[in-house]
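One structure is given here, and the rest of the page talks about it.
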Amino acid sequence: MAQLKLYVGNKNYSSWSLRPWLAMKAAGIDFEDEVIPFDFAGGNPAIKAVSEVGRVPLLVHGDFRLWESLAIIDYVAELFPDKRVWPDDMRDRALARAYSLEMATGFRALRNACPMNLRRPRKALPVGDDVRADVARIERIWSDALGRSGGPFLFGEFSAADAMYAPVVNRFDAYMLTEKPQSRAYMQSVADHPAFQEWAAGAAVETWIVAEDEA
Ligand SMILES: N[C@@H](CCC(=O)N[C@@H](CS)C(=O)NCC(=O)O)C(=O)O
């Protein structure tokens with residue numbers, strides 16, 4: 001089988017890149033990655049050279065190219081069914097997809113006000129009611145899923161749903177958006193996961209500063 005290659009953005013800031021990277025790494029899928037930094041006026045030509053939509057993440061598998069983080073996760077899940085990227089149980093899997101779609105299409109207030117920034121020192125950020133509403137919905141999702149599964153991850157073992165929410169784990173921590181014990185315990189489980197640690201180590205040594213993502 002052709003080698004998989006995932007082009008990603010800055011590990012410190014690229015929340016969409018983190019999601020499929022983490023889902024693949026945590027599942028034990030073998031792939032190569034390459035960072036192409038963003039933050040160029042008009043977009044980085046190097047991203048445009050690999051991606052017809054001019055965005056990362058982008059997966060290359062032989063002569064096949066795929067964009068959109070959730071589509072990439074679904075593709076590798078079908079390519080490697082034994083890696084159990086999504087939960088085994090049909091209803092768990094359906095819920096994991098519903099939560100992931102909520103993440104992929106929503107929570108814009110939180111995403112805009114509190115960019116993922118893995119190097120940001122922990123410091124509270126005053127946020128509006130729209131961000132608080134996003135935080136409340138996410139904590140409801142986490143509480144429902146953890147209540148069903150018993151944890152430590154949303155569906156027991158780490159799955160793509162956890163990967164989809166991993167950037168939020170950083171946001172909740174860095175901007176001090178929750179002190180709820182159940183949320184903090186879940187956030188710690190994600191932060192301690194070896195795959196997340198590997199990505200964070202990559203972010204820690206990057207030197208690019210993206211001013212608009214430094215809230
Ligand atoms: N919906 C897309 C979003 C991808 C996206 O917005 N990626 C950003 C980086 S996180 C990007 O490539 N930006 C290009 C640029 O700023 O030049 C996905 O889920 O993959």
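One-based numbering, in listed order, for ligands and for the atoms of each. Excluded from the calculations below are hydrogen atoms, water molecules and symmetry mates; all remaining heavy atoms, backbone and side chain alike, are included.
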Seminar exercise, completed: If you scan protein heavy atoms around atom 7 (N) of ligand 1, the nearest is Val56 O, 2.7 Å

For this session: May I ask you to identify the nearest protein heavy atom to atom 1 (N) of ligand 1, giving residue, atom name and distance to one decimal place in Å?
Result: Glu68 OE1, 2.8 Å

Exercise. Looking at Gly54, which atoms of ligand 1 are within less than 4.0 Å of one of its heavy atoms?
Worked result: 14 (C)

For this session: Compute the minimum heavy-atom distance from Gly9 to ligand 1 and say whether it is under 4.0 Å.
Result: no

For this session: Measure the distances from the heavy atoms of Ser51 to every atom of ligand 1 and state whether one is below 4.0 angstrom.
Result: no

For this session: Locate the shortest heavy-atom distance separating Arg93 from Asp88; write the atom from each residue and the value.
Result: NH1-O, 2.6 Å

For this session: Start with the C-alpha gap between Arg140 and Glu102, add the side-chain angles, then the distance that decides, and say whether salt bridge (Lys or Arg N to Asp or Glu O under 4.0 Å) holds.
Result: CA-CA 12 Å; Arg140 171 76 196 270; Glu102 278 194 61; over 6 Å; no

Seminar exercise, completed: Quick note on ligand 1: atoms under 4.0 Å from a heavy atom of Pro57 include exactly 20 (O)

Exercise. Is it the case that more than 12 heavy atoms not belonging to Arg84 sit under 6.0 Å from its CZ atom?
Worked result: no

For this session: List every atom of ligand 1 that sits less than 4.0 Å from any heavy atom of Gly43, numbering the atoms from 1 in the order shown and giving each element.
Result: 17 (O)

Exercise. Between Phe172 and Trp142, is the ring centre distance below 6.0 Å?
Worked result: yes

Exercise. Which atom names give the shortest non-hydrogen contact between Pro167 and Leu18, and what distance separates them?
Worked result: CG-CD2, 3.9 Å

Problem set entry | Under-4.0 Å salt bridge between Lys5 and Glu34 | yes

For this session: Output, in order, the C-alpha distance, side-chain angles, deciding distance and verdict of ring pair (Phe, Tyr, Trp, His ring centres under 6.0 Å) for Tyr75 and Phe64.
Result: CA-CA 11 Å; Tyr75 180 75; Phe64 181 66; 5.1 Å; yes

For this session: Kindly identify the option in Pro37, Ser14, Ser69 whose heavy atom sits closest to atom 10 (S) of ligand 1.
Result: Ser14

Exercise. Closest non-hydrogen protein atom to atom 16 (O) of ligand 1, residue and atom name please, with distance?
Worked result: Phe38 CB, 3.5 Å

Problem set entry | Protein heavy atom at shortest distance from atom 5 (C) of ligand 1 | Arg55 CD, 3.4 Å

